[in-house]
Protein chains: 2
Amino acid sequence: MKNLAPKKLYRKVYDELKDYIIDNHLKPGDKLPTEMEMTKTLGVSRNVLREAIKTFEIIGVLTSKPGVGIILNKFDSNFLSSCMFLNLIEDDVNLVEQSLEVRKVLEVGFARKVFNSITDDQINSLFEIIDDMDKIVSEKEYYEMDEKFHTILYKNVSNLVLAAIIESTWEVDKGYNIDIIDSQEIRVKKHQMIAQALKDHDYIGYLDALDYHFYYSYKKKIEQLNK
Amino acid sequence: MKNLAPKKLYRKVYDELKDYIIDNHLKPGDKLPTEMEMTKTLGVSRNVLREAIKTFEIIGVLTSKPGVGIILNKFDSNFLSSCMFLNLIEDDVNLVEQSLEVRKVLEVGFARKVFNSITDDQINSLFEIIDDMDKIVSEKEYYEMDEKFHTILYKNVSNLVLAAIIESTWEVDKGYNIDIIDSQEIRVKKHQMIAQALKDHDYIGYLDALDYHFYYSYKKKIEQLNK
DNA sequence: AAATATTTGTCCGTATGTATC
DNA sequence: TGATACATACGGACAAATATT
């Protein structure tokens with residue numbers, strides 16, 4: 001199954017710039033190479049390069065000044081929104097912590113709606129996903145399952161804004177393999193608790209399951225990163 | 001007080017494209033004019049125009065295909081994230097509703113932290129802002145005050161992700177002048193209730209004030225839009 | 001303080017590839 | 001099969017802003 005629509009050049013250059021910023025651990029205020037240099041190293045025309053650079057600039061990640069160069073912006077909440085939505089988050093313990101905190105508040109805050117709106121069919125689907133989770137080999141697969149699982153949970157809540165935000169915080173977590181610290185058994189068990197509580201129409205149990213789902217990996221991840 | 005740094009052309013074109021999409025109420029699947037047409041109507045070179053278009057394309061708002069044209073993407077949660085932080089939200093009752101719902105869950109979810117972390121000095125600042133709110137003439141001023149007010153509230157929570165999200169949902173609200181439906185007196189009163197509850201160290205009162213702050217304008221706005 | 005080099009900003013022209021009729 | 005419409009990509013040129021000497 002290959003990609004039938006090959007990426008456009010400016011799209012590729014955009015990704016390469018992104019990787020450059022992340023891999024070189026650029027800090028706010030740091031300069032990127034000049035346009036001329038980058039056209040050489042990337043082997044593209046100046047036009048295409050600029051289409052990618054201007055994207056970052058308009059979004060608020062970079063600033064370019066004639067006679068000076070291209071600079072990574074300072075880190076404010078506007079910068080952060082851009083980074084979050086663009087999956088451009090730096091390796092920052094605090095951000096992972098904060099992102100998880102937000103996700104937890106949202107998931108707990110919407111728990112009642114999830115609990116009330118989910119159907120029996122959907123609960124069955126949850127169990128099917130859990131069965132598949134047992135046979136997983138790669139991390140990538142796990143994330144796909146996990147995403148499916150949560151998508152079903154929030155489907156009937158019908159809040160696109162919530163979906164968008166959860167997805168964004170998700171990406172932050174993914175970047176740090178938050179759940180990897182859990183063993184395969186624990187991961188499956190966590191999701192089983194959630195699904196079972198919903199099946200039993202046990203709201204308190206659902207809240208507990210949510211709490212368990214978060215708190216555990218959260219605590220351990222922070223400890224691990226602080227080492 | 002004039003703008004000392006005149007906007008770059010591609011930045012202006014980007015804004016004009018944004019306005020075009022909003023003002024013409026483009027729906028997913030709708031086509032924009034061709035590059036050539038737009039260079040004429042906007043009076044800019046093809047390069048500059050493309051730098052703006054490619055921003056929208058890379059972010060996931062537009063798709064351009066040779067031989068076809070430039071098309072507004074379909075509306076999914078990825079599209080929404082981009083729209084949210086680009087302030088490119090359509091005039092959609094559901095979105096305003098959903099955005100407010102998320103903001104309320106977040107503000108209530110973080111209420112305990114706000115309550116515990118705010119200092120006496122900050123509470124005094126809140127009252128100063130409320131005093132200024134009384135003398136307001138324009139909506140723009142009100143939004144600035146309101147933003148200041150909430151920034152102080154959440155300052156000590158020190159969660160940049162939360163700040164970024166609240167700011168994004170804020171923009172959605174702003175686009176629809178959510179609070180305009182409240183009279184000047186009610187707006188001031190709402191903020192007074194919040195500040196007073198904090199001053200009195202009355203947590204339940206704070207929750208009530210939050211609830212009042214949201215529920216009222218929320219209800220009325222929805223009614224108004226449904227007409 | 002002035003001249004020069006550096007770097008981005010903006011424009012133009014041209015050739016190519018792709019979809020539509 | 002062509003003809004047309006459209007975006008993709010390249011290269012060159014000069015202007016404007018800033019830094020350097």
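Letters A, B, ... are given to chains in the order of the sequence lines, protein chains preceding strands, and every chain is numbered from 1.
Rounded to whole angstrom, the span from the NZ atom of Lys54(A) across to the C1' atom of dT7(C) amounts to 11 Å. Whole-Å rounding puts the Arg46(A) CZ to dT10(C) P distance at 11 Å. Whole-Å rounding puts the Leu49(B) CG to dG9(C) C1' distance at 15 Å. If you measure from atom CD of Glu35(B) to atom P of dG17(C), you get 18 Å, rounded to the nearest angstrom. In this entry the distance linking CG of Leu9(B) with C1' of dT8(C) reads 13 Å, nearest Å. Atom CZ in Phe56(A) sits about 18 Å away from atom C1' in dT8(C), given to the nearest Å. Rounded to a whole Å, the CE atom of Met36(A) is 11 Å from the C1' atom of dA13(D). The nearest whole Å value for the distance from the NZ atom in Lys40(B) to the C1' atom in dC12(C) is 15 Å.
Two residues are said to be in side-chain contact when any heavy atoms from C-beta on lie closer than 4.5 Å; Ile118(B) and Leu126(B) meet this criterion.
To the nearest 0.5 Å, atoms OG1 (Thr39(A)) and CZ (Arg50(A)) are separated by 12.0 Å.
In this entry dA1(C) has no Watson-Crick or G-U wobble partner, no candidate having both defining distances under 3.5 Å.
The side chain of Ser45(A) lies closest to dC10(D) when the candidates are dC10(D), dT10(C), dT7(C). Side-chain atoms of Thr34(A) lie closest to dT7(C) of the nucleotides dT7(C), dT8(D), dT10(C).
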Report task. Check the pair Phe110(A), Glu101(B) against side-chain contact (heavy atoms from CB on, under 4.5 Å), reporting the backbone distance first and the verdict last. Result -> CA-CA 9 Å; Phe110(A) 278 91; Glu101(B) 196 179 11; 3.7 Å; yes
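A donor and an acceptor atom never sit less than 3.5 Å apart when one is taken from the side chain of Arg11(B) and the other from the base of dG9(C). The base of dG9(C) lies outside donor-acceptor range of the side chain of Asn47(B), with no N or O pair under 3.5 Å.
Residue pairs satisfying the side-chain hydrogen bond (donor to acceptor under 3.5 Å, both in side chains) criterion with at least one member in residues 55-66 of chain B, sequence neighbours excluded, are listed as follows: Lys8(A)-Glu57(B), Tyr10(A)-Glu57(B), Lys54(B)-Glu57(B), Lys54(B)-Ser64(B), Glu57(B)-Ser64(B), Thr63(B)-Asn73(B).
Evaluation of the side-chain contact (heavy atoms from CB on, under 4.5 Å) rule for Pro66(A) yields no partner, not counting sequence neighbours.
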Please tabulate the protein-to-nucleotide N/O contacts below 3.5 Å involving nucleotides 18-21 of chain C, giving atom names and distances.
unit_1  : atom_1 : unit_2   : atom_2 : d
dA19(C) : O4'    : Pro66(B) : O      : 3.4

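Between Tyr10(A) and dT8(D), a side-chain N or O to OP1/OP2 separation shorter than 4.0 Å is present. OP1 and OP2 of dA7(D) both lie 4.0 Å or more from every side-chain N or O belonging to Arg50(B).
Residue contacts for Lys31(B): at a heavy-atom cut-off of 4.0 Å it reaches no nucleic acid atom on any strand shown.
A salt bridge is absent between Lys12(A) and Glu16(A): the closest approach of a Lys/Arg side-chain nitrogen to an acidic carboxylate oxygen does not fall below 4.0 angstrom.
Using cut-offs of 30° and 60° on the angle between ring planes, the pair Phe56(A) and Tyr14(A) is parallel.
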